K.L.:
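To start, I am sharing the structure in question, which I have written as structure tokens.
Numbers restart at 1 for each chain; the letters A, B, ... are given by sequence-line order, proteins then strands. Since the model is a prediction, treat every value here as computed from it, not as a measurement.
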Amino acid sequence: MIQILIRYATLFITTMLVLAALSFSLAYLFPGDVLVNLTGITPQNETERAALLRQFQLDKPYLFQFIHYVQQLLQGNWGYSFVSGLPLREEIGIAMPATIELSAYALFVAIFVGVPLGCYAGMRSYTKRDYLINSASMVSYSFPVFWLALVFIMVFSLNLGIVPLSGRVSLLFDVPPTTGFILIDIIIAENTDTSLALNDALYHLLLPTISIALVSTASVVRLTRRSVIDVLKSPYIAAAESRGLSRVQIFRRHILRNALLPILPLMAIQITTLITNAMIVETLFSWPGIGNWLIQAIYQRDYPALRVGMLAVATLVVSFTILIDLFNRIIDPSREKYERGTV
Amino acid sequence: MPMLDIKNLTLEIDNGSTRVKALDKVNLTVNSGEIRALVGESGSGKSLMVQAISGALPPQWKVTADRMSWHGKNMLSMTAKERRELMRRDIGVVFQDSITSMDPSMTLGQQLEEAIPDELVNGKWFWQRSLDRRKTAINTVHKVGIKNHKHYLNAYPHQVPTDIGQKFMIAMALISQPKLLIADDPTRGMETTTKTKVLKLFTRLNQTKSLSILFVSHDLLAIASMSHTMTVLYCGQTVESGKMKHIRKRPLHPYTKALIDSAPSFRADLPPKSVLPSLDGTIPSLQHVPIGCRLGPRCPRAQRACVSTPGVRRIHDHTYSCHFPLHMEKL
């Protein structure tokens, strides 16, 4: 157990170091001054510039520069934004939870709709209902997310007018960003009507969540269905049938667990797609998340923001992937003890 | 009335473009309290037979039979629930590949306890019942010859050696106290001493609890020592069937004779270092089975008439399917 944890910790640290090195090299690869790219502070004169160079150890060899950079990252000095002049850590601290929140709800929908549908389709494989579910998932899987979100906006916001167009919550509600998660913030907030605000926030959440969740649900349905069909073919299901267990008992005791165990790592791969889609959808719905923030940074050539933003998103994806794989490793008895950790 | 009575069972496998008859009009009866051996070389359809009886069939398999009955009740027209009930209480099955026949994500103990029918568990409250289940599981495991129950009940299928897995399969089949045990090659992968113990267990259960056993194997020595009757299968056709001692003394079908001759332990007169007699050729694949008697191309006694399938002929309780049987002059 401890050995497994050490394995995964090593994997995580190594991956993070590589990512940090990439982000550090971006400061040199981006056009413009390395000092400005790395810190976000524009020196006013030569003396200030020399002082800053010394402070950020940019006069030393690359390796020492990198070590200093990692130290700064760990201490929370992520530099300043070109555009707003605010510390990047604060900006990301507000933007990141919004993305995590949106992806989490989408993932929630994908799992709680996708797994039962997939199991149903798998158990009824090669029947009309299975074909119906399968083709529906194929269709929704092949929609481009940005197009789908635009269609949703057109139909539900502009034509029917049942859901709001953009943002997280109506401006009428005064919700201070304490945690960054809007639903939690509303519950914490003191001088707002909690139930009204929650209702409003949920309406705002509806369209972005559905547009992200559709693609992920479709892939979860397809993965689950395939896995259930594979398990159904295995000899231990035939053996269980010959012991006179009913269909429901066999499904509950033998099929469900064995079908879900192998697709958990595959779901970890889906997280990358999910977060990418979330970032696209954020831009369309003006959701104040990391995707929207990064797009703005690109427009405004905010190099320090791009550098740290890339590192933050990558960290999020890598930690989720590794955590899910570790979880799967712990709960799956048939995985070998000496198997290596992978991202 | 026989316990299990199967007449002209045909199993067709639909492999997309064509249909192959994997079993062609097979007959099999098992009487109460007897040990019936089902013999044949690999690929003769022994395991298919077991699966057809146990009812766990893939959707592309189609079973038809003139008669397939359990104590006079038709098994083919039973509802799914009746069939399940029959499999749950009356028939226990030991499958050939024990490790893959067990759920890889459950411990052996959990699977064994799951196989105990609810009506055999004593106790009113769930903790009493789970204790009783545990006790029954440990007893059964000891009965099949596993001593270190603590270790193996908590192990997963991929962690145990094949012979332990095989014994667990046997325990799982026996734990519901069935009337008929179908054992598909139960002693595969066991060394001789364990094998003897398992076979002794079968014989004892047969004598003390009058458990009927359908013993599927190609281990002729084991079969000869324990079974009362024998059915020989070749390439999906029943070749010969009758009392063990009659078949051993006077096989009527050329294939049965070849099978018995190929086992050195049956031949006291075999000189040392002599070539073992065997039929030329190999068993045909299911896609290319010969018409008529499927032994035809390999049979030393084959003649023109063999292109039509021989019907079942009967001499007392000894049945055979051959146009030109052996030893006829002595009968």
Side-chain angles (χ1 to χ4, degrees), chain A residues 1 4 115 119 121-131 224-265 327-339, chain B residues 47 50-61 80-108 110-118 154-159 165 168-169 171-176 178 181-182 184:
Chain A
M1 186 64 217
I4 295 176
V115 169
C119 286
M123 293 298 285
R124 300 260 182 287
S125 52
Y126 308 112
T127 61
K128 273 195 185 127
R129 288 170 197 191
D130 170 43
Y131 289 139
T224 316
R225 172 180 177 273
R226 188 71 256 159
S227 184
V228 167
I229 292 177
D230 285 345
V231 170
L232 270 176
K233 273 192 238 153
S234 56
Y236 55 86
I237 299 299
E241 264 174 48
S242 80
R243 251 175 265 137
L245 298 177
S246 72
R247 203 80 178 149
V248 181
Q249 283 172 325
I250 292 179
F251 176 75
R252 227 184 44 228
R253 294 183 196 161
H254 298 290
I255 296 178
L256 193 61
R257 187 172 9 185
N258 285 304
L260 290 186
L261 279 177
I263 63 173
L264 203 60
F327 177 64
N328 177 258
R329 174 63 154 280
I330 291 167
I331 60 169
D332 189 350
S334 61
R335 284 182 72 175
E336 295 293 347
K337 295 269 182 300
Y338 45 81
E339 190 185 311
Chain B
S47 298
V50 172
Q51 277 181 286
I53 298 170
S54 73
L57 305 170
Q60 59 270 31
W61 290 17
K81 203 179 165 200
E82 283 172 336
R83 185 72 191 261
R84 269 209 308 274
E85 194 55 30
L86 171 70
M87 292 311 298
R88 192 171 73 88
R89 283 316 313 275
D90 293 340
I91 303 181
V93 186
V94 178
F95 282 98
Q96 199 171 33
D97 199 346
S98 59
I99 301 291
T100 57
S101 298
M102 287 188 279
D103 188 331
S105 66
M106 260 172 129
T107 61
L108 294 173
Q110 284 171 328
Q111 299 187 51
L112 188 59
E113 283 171 33
E114 184 196 71
I116 308 174
D118 280 337
N154 294 320
Y156 288 95
H158 67 278
Q159 295 168 331
F168 258 97
M169 276 311 277
M172 262 183 237
L174 290 178
I175 207 165
S176 62
L181 177 76
I182 301 175
D184 190 353

K.L.:
State the CD1-OG distance between B:Ile53 and A:Ser242, to the nearest 0.5 angstrom.
P.N.:
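It comes to 11.5 Å.
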K.L.:
Is there side-chain contact between A:Leu261 and B:Ser105, with at least one heavy-atom pair below 4.5 Å?
P.N.:
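SC-SC contact between A:Leu261 and B:Ser105 confirmed.
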K.L.:
Side-chain contact, heavy-atom cut-off 4.5 Å: B:Glu114 with A:His254?
P.N.:
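The answer is yes; the side chains approach within 4.5 Å.
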K.L.:
Given side-chain contact (heavy atoms from CB on, under 4.5 Å), test B:Met87 with A:Glu241 step by step and report yes or no.
P.N.:
CA-CA 8 Å; B:Met87 292 311 298; A:Glu241 264 174 48; over 6 Å; no
K.L.:
Which answer fits B:Pro104, side chain, backbone, both or neither, if we ask what part of it has an atom under 4.5 Å from a heavy atom of chain A?
P.N.:
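For B:Pro104, heavy atoms of backbone and side chain both lie under 4.5 Å from chain A.
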K.L.:
Is any side-chain heavy atom of B:Ser176 closer than 4.5 Å to a side-chain heavy atom of A:Arg243?
P.N.:
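Sidechains of A:Arg243 and B:Ser176: no contact.
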K.L.:
Just how far is it from atom CD of B:Gln110 to atom CZ of A:Arg253, taken to the nearest 0.5 Å?
P.N.:
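One gets 10.5 Å once the value is rounded to the nearest 0.5 Å.
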K.L.:
Rounded to the nearest 0.5 Å, how far does CD of B:Gln60 lie from OH of A:Tyr126?
P.N.:
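Interatomic distance, A:Tyr126 OH to B:Gln60 CD, rounded to 0.5 Å: 9.5 Å.
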